[in-house]
Visitor: 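My structure is below; once you've seen it, I'll send some questions.
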Protein chains: 2
Amino acid sequence: MATIGDVARVAGVSRSTASYALSGKRAISLEVRERVDSAVRELGYTPNAGARALATSQTHVLGLLVQFLEDEFAPAMLQYMLGISNVARELGYDILMVTDPDGARALERITDSRMVDGVILLNVADDDVRLPVLRSSGRPGALVGLPGDCTGLDVFDLDFAEAGRVMVDRLADLGHREIVLVSQPEHVVERGGAYVWRLRDAALAQASVRGVELHEVYGESQQPAVSRSLNAVLDAFPAATGLLLHNEAAAVALPAVLRARGLSSPHDLSVIGRYSDEFARTFALPFSSIDSAPDRLGRMAVRQVVRRIENPKLHEPHVVRFIPPELVERGSSAPVRPV
Amino acid sequence: MATIGDVARVAGVSRSTASYALSGKRAISLEVRERVDSAVRELGYTPNAGARALATSQTHVLGLLVQFLEDEFAPAMLQYMLGISNVARELGYDILMVTDPDGARALERITDSRMVDGVILLNVADDDVRLPVLRSSGRPGALVGLPGDCTGLDVFDLDFAEAGRVMVDRLADLGHREIVLVSQPEHVVERGGAYVWRLRDAALAQASVRGVELHEVYGESQQPAVSRSLNAVLDAFPAATGLLLHNEAAAVALPAVLRARGLSSPHDLSVIGRYSDEFARTFALPFSSIDSAPDRLGRMAVRQVVRRIENPKLHEPHVVRFIPPELVERGSSAPVRPV
DNA sequence: CGTAATCTTCGAACCGGTTCGACGATGAGC
DNA sequence: GCTCATCGTCGAACCGGTTCGAAGATTACG
């Protein structure tokens with residue numbers, strides 16, 4: 001393959017001149033610039049990424065650390081990944097996708113070997129083992145998901161506490177007095193899925209403020225357990241008139257469960273979920289939901305990392321940004337029926 | 001960060017000796033090797049990937065080209081991606097994930113700039129515009145999906161023709177005489193989704209051999225069109241006793257459609273789908289299905305690309321390998337009932 | 001004991017870019 | 001006509017590895 005030396009030779013200039021002609025970092029005569037450009041076209045020259053990375057210490061690659069955990073609903077993660085990949089490309093970066101179950105080791109590997117200029121962490125746990133590695137790596141990194149300790153990190157997440165309040169308020173406003181919150185599996189919480197308890201605690205507090213009885217149960221993430229657990233919930237709380245679903249798998253399973261029991265929403269049960277719009281469309285979910293906005297969060301995270309990469313001197317304070325929950329209306333909540 | 005020069009200095013040897021001590025490509029005395037190793041530990045040395053790539057012309061990165069098309073069911077694609085990423089890591093490779101809608105340009109970019117040692121193409125169309133780029137890049141590449149022209153390419157795919165025959169045979173053996181095949185949307189076929197017509201043509205041929213009347217219709221990929229079209233099919237062919245689903249969205253939608261019509265499978269209708277086991281589990285699909293085996297296909301593709309990368313001299317002929325369809329039994333087919 | 005073979009290590013070149021300092025040519029100002 | 005900037009270009013060094021050829025030390029062998 002052609003090197004910049006070949007280009008220089010064909011254009012009849014030195015390597016450095018060819019380099020400056022291409023980068024525009026020094027003034028070059030129009031004539032030489034044109035000779036270089038045409039040599040580039042003639043030879044089909046493309047710079048060697050490794051050589052450039054060596055010379056500039058910049059790879060123009062972002063590491064994307066995802067973990068696909070047993071009890072998580074994988075399709076929901078895909079939304080984040082796609083958003084991130086697309087924004088990165090817009091900004092001129094490629095994505096190194098890392099799915100290694102040992103995220104800390106993988107992160108150390110790609111930063112120490114300088115394969116990436118920065119990283120995005122998905123699936124962040126409250127006490128995430130990747131965070132110390134990220135901090136000591138010295139590379140820019142952004143998280144999608146709020147850990148317990150954010151010092152030195154840029155963090156973006158949905159305001160899950162506010163989401164919990166919005167969900168409760170909506171049903172309380174409609175007169176519901178007994179509702180059930182189906183969370184993620186207990187596993188997810190134990191592993192440090194802080195978003196689960198952030199939403200739950202706020203929902204419980206708001207329910208108490210609003211005089212609503214809120215039952216909180218763990219859901220499941222895989223069939224057939226999901227449907228079984230939904231049925232168990234409906235059996236256990238026959239007087240409940242509202243259902244909050246903080247669990248994608250449960251949201252996907254609920255329509256069939258309701259139909260099988262001869263129930264319909266919102267007639268028999270008001271339901272509000274928490275998932276992305278895209279997710280709702282893919283699975284034809286008929287429930288109103290708090291938009292988890294994976295594309296927006298991914299976009300924010302990438303922009304921030306790229307800002308830091310491209311302005312290394314700029315020592316802006318780190319940000320922790322919550323996006324306010326938005327309730328996407330799909331008509332699955334209604335005033336409670338008089339008994 | 002520490003370089004191999006630092007390691008050499010601390011160990012009191014030359015850079016080349018340090019390099020050989022680490023790579024083991026030349027005999028090095030035990031004593032020196034130990035001094036180098038301890039210097040590495042002391043300094044926390046990790047080789048610079050860019051420098052190594054420059055020196056060896058190997059990046060140990062594989063490009064993964066995915067396209068997320070409007071009318072394709074994205075979650076199905078995720079299975080392939082994960083399988084590929086995991087196998088790649090086992091073999092010591094990282095994955096550069098490329099989702100650029102202009103796949104041909106993106107492929108040219110990452111190969112010309114030598115960011116990757118090889119590539120895997122997903123979502124391959126019959127006349128895929130990425131194939132000429134791949135061929136002229138000279139890099140190893142494997143496809144998951146069969147294009148019209150396979151010359152110079154390693155191709156892995158499910159044997160969709162055999163899958164069509166197996167589906168038809170199964171129902172024919174059970175005495176069904178009129179069945180319907182729901183394919184992917186017409187769009188997908190027009191865009192070159194060859195697997196659709198490979199399965200269909202074989203199914204039609206086998207139906208004719210077996211004396212079965214096979215109606216073939218295009219399905220939809222998004223709600224609510226999917227359910228509407230399924231209802232239309234059931235209305236149009238009231239005498240059909242079997243249904244073949246070559247369409248993930250239809251498979252996800254069918255249980256609700258059946259229940260709404262008061263039908264059940266296999267009592268009223270024998271159903272056979274084509275999707276992965278993981279997919280069936282995620283959506284609790286109750287239908288027997290031909291396993292699309294995304295993990296196996298991904299694994300085969302990665303192994304082949306890595307083989308070619310690591311044995312560049314080895315000019316093995318290119319392979320086109322079909323994996324035989326396996327019918328995963330979920331009890332959704334039964335002998336046709338006497339009228 | 002001399003010489004050849006083997007083992008271990010080193011120096012230098014190379015991979016393909018970028019960037020700094022310098023140098024000759026040109027033009028402006030006095 | 002001379003000095004001083006400015007402009008355009010070049011050579012050389014550098015980024016951090018790998019690898020080839022050679023050289024010195026050691027051992028084996030006749």
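Below, chains carry the letters A, B, ... as their sequence lines are ordered, and counting in each starts from 1. Remember, it's a predicted structure, so these values are computed and weren't measured experimentally.
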Visitor: Just by distance, with hydrogens left out, do A/Ser19 and A/Ser16 show a side-chain donor and acceptor under 3.5 Å apart?
Guide: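 Not at all, the side chains of A/Ser19 and A/Ser16 share no donor-acceptor pair under 3.5 Å.
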Visitor: Considering only NZ, NE, NH1 and NH2 on the basic side and carboxylate oxygens on the acidic side, decide whether B/Arg308 and B/Asp154 come within less than 4.0 Å.
Guide: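 Yes, charged N to carboxylate O under 4.0 Å.
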Visitor: The side chain of A/Ser14 is closest to which nucleotide in this list: C/dG11, D/dC10, D/dT9?
Guide: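 The closest nucleotide is D/dC10.
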Visitor: A/Leu54 CG to C/dC14 P: how many Å, rounded?
Guide: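 Checked: the CG to P distance equals 17 Å.
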Visitor: Answer yes or no: is there an ion pair linking B/Glu90 with B/Arg299, defined by an N-O contact shorter than 4.0 Å?
Guide: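 Yes.
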Visitor: Using nucleotides 17-20 of chain C, report all nitrogen or oxygen pairs with the protein that are shorter than 3.5 Å.
Guide:
| unit_1 | atom_1 | unit_2 | atom_2 | d |
| --- | --- | --- | --- | --- |
| C/dG17 | OP1 | A/Asn48 | N | 3.4 |
| C/dG17 | OP2 | A/Ile4 | N | 2.5 |
| C/dG17 | O5' | A/Tyr45 | OH | 2.9 |
| C/dG17 | N7 | A/Arg15 | NH1 | 2.6 |
| C/dG17 | O6 | A/Arg15 | NH2 | 2.8 |
| C/dT18 | OP1 | A/Arg52 | NE | 3.1 |
| C/dT18 | OP1 | A/Arg52 | NH2 | 3.1 |
| C/dT18 | OP2 | A/Ser19 | OG | 2.9 |
| C/dT19 | OP2 | A/Lys25 | NZ | 2.9 |
| C/dC20 | N4 | A/Tyr20 | OH | 2.9 |

Visitor: Could you tell me the separation between the CZ atom of B/Arg9 and the C1' atom of D/dG16, rounded to a whole number of Å?
Guide: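 To the nearest whole Å, that distance equals 14 Å.
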Visitor: Is A/Asp149 salt-bridged to A/Arg135, going by a charged N under 4.0 Å from an acidic O?
Guide: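 Looking at A/Asp149 and A/Arg135, the cut-off is met.
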Visitor: Just how far, in rounded Å, is P of D/dC15 from CD of A/Gln58?
Guide: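 Distance check: A/Gln58 CD to D/dC15 P gives 17 Å.
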Visitor: Between the side chains of B/Asn123 and B/Gln67, does any donor sit under 3.5 Å from an acceptor?
Guide: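 Checked: B/Asn123/B/Gln67 side chains show no N/O donor-acceptor pair below 3.5 Å.
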Visitor: Could you work out how much the helix from C/dC1-D/dG30 to C/dC30-D/dG1 bends, comparing the axis of its first five pairs with that of its last five, to 10°?
Guide: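 About 50°, once rounded to a multiple of 10°.
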Visitor: Can you list everything that forms a side-chain hydrogen bond (donor to acceptor under 3.5 Å, both in side chains) with A/Ser85? Sequence neighbours excluded, please.
Guide: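 side-chain hydrogen bond (donor to acceptor under 3.5 Å, both in side chains) list for A/Ser85, sorted by chain: B/Thr99.
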Visitor: A/Arg191 and A/Ala125: which non-hydrogen atoms are nearest, and at how many Å?
Guide: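 Reported closest heavy-atom pair: O-CB, 3.6 Å.
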Visitor: Write down the distance between CZ (B/Arg33) and P (C/dT8), rounded to a whole number of angstrom.
Guide: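 After rounding, the gap between these two atoms is 9 Å.
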Visitor: Specify the closest pair of heavy atoms between B/Gln58 and B/Tyr93, including all atoms of both residues, with the distance to one decimal.
Guide: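 The answer is OE1-OH, 4.4 Å.
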